[in-house]
Enquirer: 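Handing you a structure now.
Nothing here was measured: the structure is a model prediction, and the numbers come from that model. Numbers here are sequence positions counted from 1.
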Amino acid sequence: MLRVYVQNQKERGEAYQITPERWRSTVHLPAEKVHATFHDKSNVDLAALGVADVCVGSGFDPALIQRHARKLKLLHVTSAGVEKYLPLDWLPDGAVFTNSRGVHAGKAEQYALMTLLMLSSKFPLLADAQRHHRWAPVLTPMTMGQRVTIVGLGNLGTAVARAAQTLGMDVTAVTRSGKPASHAARVVPTSNLKDAVSDANYVVLTCPLTDATRGLISDEVIKSIPRGGGLINMARGAVLDTTALINALRENHLSGAVLDVFDEEPLPASSPLWNCPNLVITPHVSCDEPLGYIEKTLQSLNENLAQLLEGRRPNINVVSPLHQY
């Protein structure tokens, strides 16, 4: 039998809770072979953690797992981002760490459609004019033939690329390898980032936060975007030099930006971003859904649990310590 320790965080809201009902509706494995117990982060059950073969949920304390979950074979987090768990040197010997990448693609594609249209229609400019009671008509072109550069072409970046192609945009992708990929007319390595953004109408960030991507979108990169361009960040706040972005918006080098992720979340009321011109802020809601999110995250776990029962090493959504995603 596999003993599964499920950890929730009540403060995250109903959409993110793994309830017994959601577990039963998604994990289609015999109860006599997989036994799950449900806990909240605020009330850790060390006895249950000590006998757990599998941990699933969010907000895990690596030190606590290292000390107490010594039988652990698999830890699955219900998020795609894993930067707060890196490096993975705290995992018990032989344990596999998996995430929920891929479950966000559908919602991310819709968000990308919305925000690309917002930037194309100069909505941040119009919204800023409204706040200042200023009548400021601006005519904008159709999206057909405009150019978007996507930094990162995993599941999230591919969803953005599909959205851009739906709008008739030309897609360039920037990836670690620079190898050709579907949904992008051109793929270049990260070393060519400045060239890749130099002819872009819009730049969309969808890469994971790693040692290599932290601060990747620097002042120099932002200045390489043509004047009047726009930027969308769906990745992580620390990928972007926020001060450089604020300056670019204030100086009208960029005509608009949409940020969904930030260095500190919730975004403090004192942040200069709140009063930055031509900026739309969304509070980290680009990729999650109110219904069905947890069920999607548990589907890949279901396959990994089946592999464990068969004596195999789980291989769905395994996080690479080398690549940090």
Side-chain angles (χ1 to χ4, degrees), residues 105 108-124 140-210 212-242 244-245 247-249 253-261 278-280 286-287 325:
E109 185 172 347
Q110 291 188 358
Y111 183 90
L113 276 168
M114 175 184 72
T115 50
L116 286 169
L117 284 169
M118 287 171 68
L119 292 183
S120 177
S121 63
K122 298 293 188 286
F123 182 84
T140 56
M142 298 284 286
T143 58
M144 186 71 66
Q146 295 194 60
R147 298 175 299 278
V148 59
T149 294
I150 303 169
V151 182
L153 199 63
N155 292 297
L156 201 61
T158 299
V160 174
R162 288 196 299 266
Q165 289 179 329
T166 297
L167 296 173
M169 294 179 170
D170 295 330
V171 176
T172 292
V174 179
T175 68
R176 182 172 50 83
S177 67
K179 295 179 180 177
S182 60
H183 299 291
R186 179 171 64 129
V187 182
V188 301
T190 308
S191 56
N192 290 348
L193 174 60
K194 285 196 296 181
D195 287 340
V197 304
S198 65
D199 65 349
N201 297 105
Y202 315 106
V203 175
V204 186
L205 313 181
T206 56
C207 56
L209 178 60
T210 67
T213 63
R214 188 177 295 274
L216 179 66
I217 310 303
S218 62
D219 179 66
E220 187 177 10
V221 172
I222 291 172
K223 286 178 177 175
S224 297
I225 302 171
R227 188 171 186 83
L231 183 142
I232 301 166
N233 191 4
M234 300 169 61
R236 285 291 187 264
V239 169
L240 171 68
D241 183 333
T242 301
L245 175 71
N247 290 336
L249 289 167
H253 178 74
L254 297 183
S255 63
V258 183
L259 300 183
D260 186 59
V261 288
N278 307 325
L279 173 65
V280 173
S286 62
C287 299
Y325 59 85

Enquirer: Can you find a pair of side-chain heavy atoms, one from Arg147 and one from Tyr202, that are under 4.5 Å apart?
Expert: no

Enquirer: For the residue pair Tyr111 and Val258, establish whether any side-chain heavy-atom pair is separated by less than 4.5 Å.
Expert: yes

Enquirer: Using every non-hydrogen atom in the two residues, find where Ala181 and Leu153 come nearest and quote the distance to one decimal.
Expert: CB-CD2, 3.6 Å

Enquirer: Keeping Thr149 on the side-chain end and Ala200 on the backbone end, is there a donor-acceptor pair under 3.5 Å?
Expert: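 Not at all, since once roles are kept as given, no pair shorter than 3.5 Å links the two residues.
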
Enquirer: Is any side-chain heavy atom of Val203 less than 4.5 Å from a side-chain heavy atom of Ile232?
Expert: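 No, every pair of side-chain atoms sits at 4.5 Å or beyond.
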
Enquirer: In Å and rounded to the nearest 0.5 Å, what is the CE to OG distance from Met114 to Ser286?
Expert: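 One gets 8.5 Å once the value is rounded to the nearest 0.5 Å.
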
Enquirer: Are any non-hydrogen side-chain atoms of Gln146 and Ser120 less than 4.5 angstrom apart?
Expert: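 Heavy-atom side-chain distance check passes, below 4.5 Å.
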
Enquirer: Can any side-chain N or O of Gln165 pair as donor or acceptor with the backbone N or O of His183 at less than 3.5 Å?
Expert: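 Yes: the side chain of Gln165 pairs with the backbone of His183.
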
Enquirer: Any idea which heavy atoms bring Ala244 and Ile222 closest together, and the distance?
Expert: CB-CD1, 3.8 Å

Enquirer: Flag the pair Tyr325 / Cys207 as yes when at least one side-chain heavy-atom distance between them is below 4.5 Å, and no otherwise.
Expert: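 Result no, sub-4.5 Å side-chain heavy-atom pair not found.
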
Enquirer: Is any side-chain heavy atom of Pro226 closer than 4.5 Å to one of Asn201?
Expert: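 No, every pair of side-chain atoms sits at 4.5 Å or beyond.
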
Enquirer: Within the structure provided, determine whether Val148 and Leu116 are in side-chain contact (heavy-atom separation under 4.5 Å).
Expert: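 Yes, their side chains come closer than 4.5 Å.
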
Enquirer: Checking side chain to side chain contact (heavy atoms under 4.5 Å, CB included) against Leu254, which of Asn278, Leu279, Leu245, Asn247 comes through?
Expert: Leu245

Enquirer: Determine whether a donor-acceptor pair (N or O, by modelled atom type, separation under 3.5 Å) exists between the side chain of His253 and the backbone of Gly229.
Expert: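 Not at all, since once roles are kept as given, no pair shorter than 3.5 Å links the two residues.
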
Enquirer: As an exercise, state the distance from OG1 of Thr143 to CG of Leu113, rounded to the nearest 0.5 Å.
Expert: 9.5 Å

Enquirer: As an exercise, state the distance from CG of Leu193 to CD of Glu220, rounded to the nearest 0.5 Å.
Expert: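 It comes to 9.5 Å.
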
Enquirer: How close do Val188 and Ala196 get, counting heavy atoms only, and between which atoms?
Expert: CG2-CB, 3.7 Å

Enquirer: For the atom pair CZ (Arg162) and CD (Gln110), what is the distance rounded to the nearest 0.5 Å?
Expert: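 Result: 11.0 Å between the selected atoms.
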
Enquirer: Among Thr213, Val151, Leu216, Thr175, which residue satisfies the side chain to side chain contact (heavy atoms under 4.5 Å, CB included) criterion with Thr190?
Expert: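 Going through the options one by one, the only one that passes is Leu216.
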
Enquirer: Looking only at non-hydrogen atoms, find the nearest pair between Val280 and Pro124 and report the distance.
Expert: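 Heavy atoms only, the tightest pair is CG2-CG, 4.1 Å.
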
Enquirer: To the nearest 0.5 Å, tell me how far Leu156 CG sits from Glu109 CD.
Expert: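 Here the rounded value is 11.0 Å.
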
Enquirer: Taking salt bridge (charged side-chain N to carboxylate O under 4.0 Å, His left out) as the test, write out the residues that go with Arg227, two or more places apart.
Expert: none

Enquirer: Locate the shortest heavy-atom distance separating Val261 from Met234; write the atom from each residue and the value.
Expert: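 Reported closest heavy-atom pair: CG2-C, 4.2 Å.
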
Enquirer: Quick check: do Thr115 and Leu119 have side-chain heavy atoms less than 4.5 Å from each other?
Expert: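 Contact flag for Thr115/Leu119 side chains = no.
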
Enquirer: Can you list everything that forms a salt bridge (charged side-chain N to carboxylate O under 4.0 Å, His left out) with Asp195? Sequence neighbours excluded, please.
Expert: none

Enquirer: Looking at every heavy atom in both Ala164 and Val171, which two are closest together, and how far apart are they?
Expert: CB-CG2, 3.7 Å

Enquirer: Is there a donor-acceptor pair closer than 3.5 Å between any side-chain N or O of Arg186 and the backbone N or O of Thr172?
Expert: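 Here the side-chain-to-backbone pair does not exist.
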
Enquirer: As an exercise, state the distance from CG of Leu240 to OG1 of Thr242, rounded to the nearest 0.5 Å.
Expert: 5.0 Å

Enquirer: Counting N and O atoms only, with roles assigned by atom type, does the side chain of Ser224 sit under 3.5 Å from a partner on the main chain of Lys194, one being a donor and the other an acceptor?
Expert: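 Flag not set: sc Ser224 to bb Lys194 has no pair under 3.5 Å.
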
